[in-house]
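Let me begin by presenting the structure, written as structure tokens, before commenting on it.
Every heavy atom of this structure was used, including side-chain atoms; hydrogens, water molecules and symmetry mates were not. The shown structure was predicted, so the numbers you read here are calculated from the model rather than taken from an experiment. Chain letters run A, B, ... following the sequence lines, proteins first and then strands; every chain starts at 1.
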Amino acid sequence: MITPPAGFRALPLSITQLSLAAVLQCGQSFRWNIFPLLSLASGTSGADNLHPTHEYRLCLRDRVVCLRQSLDTLFYRSVLPGPPLSRTLQDEREAETLAWLRDYFQLDVDLEALYEQWGKRDSVFMNRQQRFSGIRVLRQDPFENLISFICSSNNNIARITKMVKALCRQYSPALIALPSPALTDDDSNDPSTQELTEAYHPFPPPSALAAPEVASTLRGLGFGYRAEFIQRTAQMLVEAHGVAASESGVEPAEKWLHSLRKMSTSDAREELLKFVGVGRKVADCVLLMSLDKREVIPVDTHVHQIAMKHYGVSGSSKAKSNMTPKLYDEVSSKLAAVWGDYAGWAHLVLFTSDLKSFSSYGLSTTAAFPKAQPDVKITSRQRKSVLATPSATPSPAGKRKRKQVQEATVAIIANEKVESSSTQHSDVELPALDDSSMADRVKRRRRVKVTIAAVALK
DNA sequence: ATCGGACCCCCG
DNA sequence: GGGGGTCCGA
């Protein structure tokens, strides 16, 4: 095991048990910030497969959790607002963070054992498992999960991500501002390459979204018809359960949503379907991803396609028939029969392996982890000269540029080189590129950063 | 009960 | 035109 990056603690964990690159971008959660780390350390080869290539950050209620990953280790640290903590207190906080990680990533579930079972039962799965290891279901906060998936109708991952982040910025105060991670370790002492800070917002509580004017505000933020759904759902929750202040800062409505974990799947589903903007598919996503209903398979057009292609579900692959309740049940029960009691987890592996953003993901031998980080031989001086001449992307040409940059990012994540002429579209957005609250310098810097990566890939 | 159509916005 | 749907009215 390599020594942890400064400030990080190490948790031994095989990348085949958890692949952050896959799990955090496959459309379960939409709030993680992702930072490429380019190993440009002069004199050493960056492509050793052992050092993390990305940092991932999520803002919780009271802290920002930062993660990095290598083949056999998960590195974690958390940052809290306020003055620096004593050593003892810091240890205590990190112990809490570790407990949160175990819960959020459901680390007690042996994913490799599940893959083995699924492979035995299903030849289609067998064909993909090697290339798509480490894909597991998260155990998310139910309220965040519910609101996020109300946003998902007629939508794609990139826009959902944008919307959820805008929602947090609008309706929850920033917990803390943090600089993005240094490009490389040797950058941390170099003021000229110091990264800029950005604010981290937790997900807002139900009471913050319940006021009637929230609907029009969200419309203004580009939520479309989902704006009313979100406001009305939050209002229903608040009216049914109140906003009584409690010690923990957790609202009664949130506690009630948590309590659905103890209900049967069908009872919990029935409760979720009462909300506006929540149909069968969204309800099933919440059941699977935050309410412990591991057997539930959310059926969308994509899963429908998979079921028709590989599992003998009726309908022609080009017929865009509307998803009727009857068809939904047919798809769902057929796949459930194949995969067993963790069917929802198996579905996520297949779903992710079919995502366009991940379509090149599997071609490497160790797909769970970006294999060969580009072996960049850029001197510190060269790097600075690149940074000093940001291409002032004008809008028409800039759009294409951005597309290429996005593809390059996906390629890094997916551990696969992309041809510049690739027609693949990207579902994974480049963090903060469209963040209107961010200074232009930040955008430029970010773009430049990835441009380096694109160059390195050639 | 089942069946289309509209819906808001973004992007190819 | 279509996208990880849902609502509403025949």
> What's the verdict on ring pair (Phe, Tyr, Trp, His ring centres under 6.0 Å) for A:W345 and A:Y115, showing C-alpha distance, side-chain angles and the deciding distance?
Replying inline: CA-CA 10 Å; A:W345 288 50; A:Y115 269 57; 9.8 Å; no
> When the ring planes of A:F105 and A:W100 are compared, do they come out parallel, tilted or perpendicular, using 30° and 60° as the limits?
Replying inline: perpendicular
>> Within residues 224-232 of chain A, which residues have any heavy atom lying less than 4.0 Å from an atom of DNA chain B?
In response: A:G224, A:Y225, A:R226
>> Hydrogens and angles aside, do A:S153 and A:Y225 bring a side-chain donor and acceptor to less than 3.5 Å of each other?
In response: yes
> Quick one: A:I150 CD1 to C:dT6 P, roughly how many Å, whole number?
Replying inline: 10 Å
Pairs under 3.5 angstrom only: tabulate donor-acceptor contacts from the side chains of residues 268-276 of chain A to other protein residues two or more places apart or in another chain.
| unit_1 | atom_1 | unit_2 | atom_2 | d |
| --- | --- | --- | --- | --- |
| A:R269 | NE | A:D284 | OD1 | 2.8 |
| A:R269 | NH2 | A:D284 | OD1 | 3.1 |
| A:E271 | OE1 | A:K274 | NZ | 3.3 |
| A:E271 | OE2 | A:K274 | NZ | 3.3 |

> Where is the tightest heavy-atom contact between A:A215 and A:A227, given as atom of each residue plus distance?
Replying inline: O-CB, 3.3 Å
>> Do the side chains of A:R57 and A:E55 get close enough for a salt bridge, i.e. N-O under 4.0 angstrom?
In response: yes
>> Can you measure A:K162 atom NZ to B:dC10 atom C1' for me and round it to whole angstrom units?
In response: 7 Å
> Rounded to the Å, how far apart are A:F149 CZ and C:dG4 C1'?
Replying inline: 8 Å
> Would A:F351 and A:H302 count as a ring pair (Phe, Tyr, Trp, His ring centres under 6.0 Å) if you check the C-alpha gap in whole Å, the side-chain angles of each, and the deciding distance to 0.1 Å?
Replying inline: CA-CA 7 Å; A:F351 176 85; A:H302 215 86; 5.5 Å; yes
> Could you give the CD1-to-C1' distance, from A:I147 to C:dG4, as a whole number of Å?
Replying inline: 17 Å
> What orientation do A:W32 and A:Y56 show, parallel under 30°, tilted 30 to 60°, or perpendicular over 60°?
Replying inline: perpendicular
> Between the side chains of A:S78 and A:T97, is a donor N or O closer than 3.5 angstrom to an acceptor N or O?
Replying inline: yes
> Are any side-chain N or O atoms of A:R136 and backbone N or O atoms of A:V109, one a donor and one an acceptor, separated by less than 3.5 Å?
Replying inline: yes
> Going by atom types alone, do A:Q231 and A:Q235 pair a side-chain donor with an acceptor below 3.5 Å?
Replying inline: yes
> Atom CG of A:N154 to atom P of B:dC7: distance rounded to whole Å?
Replying inline: 13 Å
> Under the salt bridge (charged side-chain N to carboxylate O under 4.0 Å, His left out) rule, what pairs show up with a residue in residues 98-114 of chain A, not counting sequence neighbours?
Replying inline: A:D103-A:R139
> CG of A:L287 versus P of C:dG4: gap in Å, rounded?
Replying inline: 21 Å
>> Classify A:C26 by what it touches in the nucleic acid, base, sugar-phosphate, or nothing, heavy-atom distance under 4.0 Å.
In response: base
>> What is the separation between atom NE2 on A:H304 and atom C1' on C:dG5, rounded to the nearest whole Å?
In response: 14 Å
>> Below 4.0 angstrom, which residues in residues 268-285 of chain A have at least one non-hydrogen atom near DNA chain C?
In response: A:F275, A:V276, A:G277, A:V278, A:G279, A:R280, A:K281, A:V282, A:C285
>> Dot-bracket for DNA chain B, please. Rules: Watson-Crick or G-U, both distances under 3.5 Å, ( ) within the strand, [ ] when a pair crosses earlier ones, | for another strand, . otherwise.
In response: .||||||.|||.
Between the protein and nucleotides 2-5 of chain B, list the N/O to N/O atom pairs that are separated by less than 3.5 angstrom.
none

>> Do A:R68 and A:F75 form a cation-pi contact, if we require the NZ or CZ to be under 6.0 Å from the six-membered ring centre and within 45 degrees of the ring's axis?
In response: no
>> Categorize A:F223 for me: base, sugar-phosphate, or nothing, with a 4.0 angstrom heavy-atom threshold over every strand shown.
In response: nothing
> With distance as the sole criterion, do the side chain of A:R159 and the base of B:dC9 form a donor-acceptor contact below 3.5 Å?
Replying inline: yes
> Can you tell me if A:S180 and A:E198 form a side-chain donor-acceptor pair at under 3.5 Å?
Replying inline: no
>> With a 4.0 Å limit, can you tell me whether A:S153 has a side-chain N or O closer than that to the phosphate oxygens OP1/OP2 of C:dG3?
In response: no
> Expressed as a whole number of Å, how far does the P atom of C:dG4 sit from that of B:dC3?
Replying inline: 23 Å
>> Output the rounded distance in Å from CD1 (A:I160) to P (B:dC11).
In response: 14 Å
>> In whole Å, measure the gap between the P atoms of B:dC8 and C:dG9 for me.
In response: 15 Å
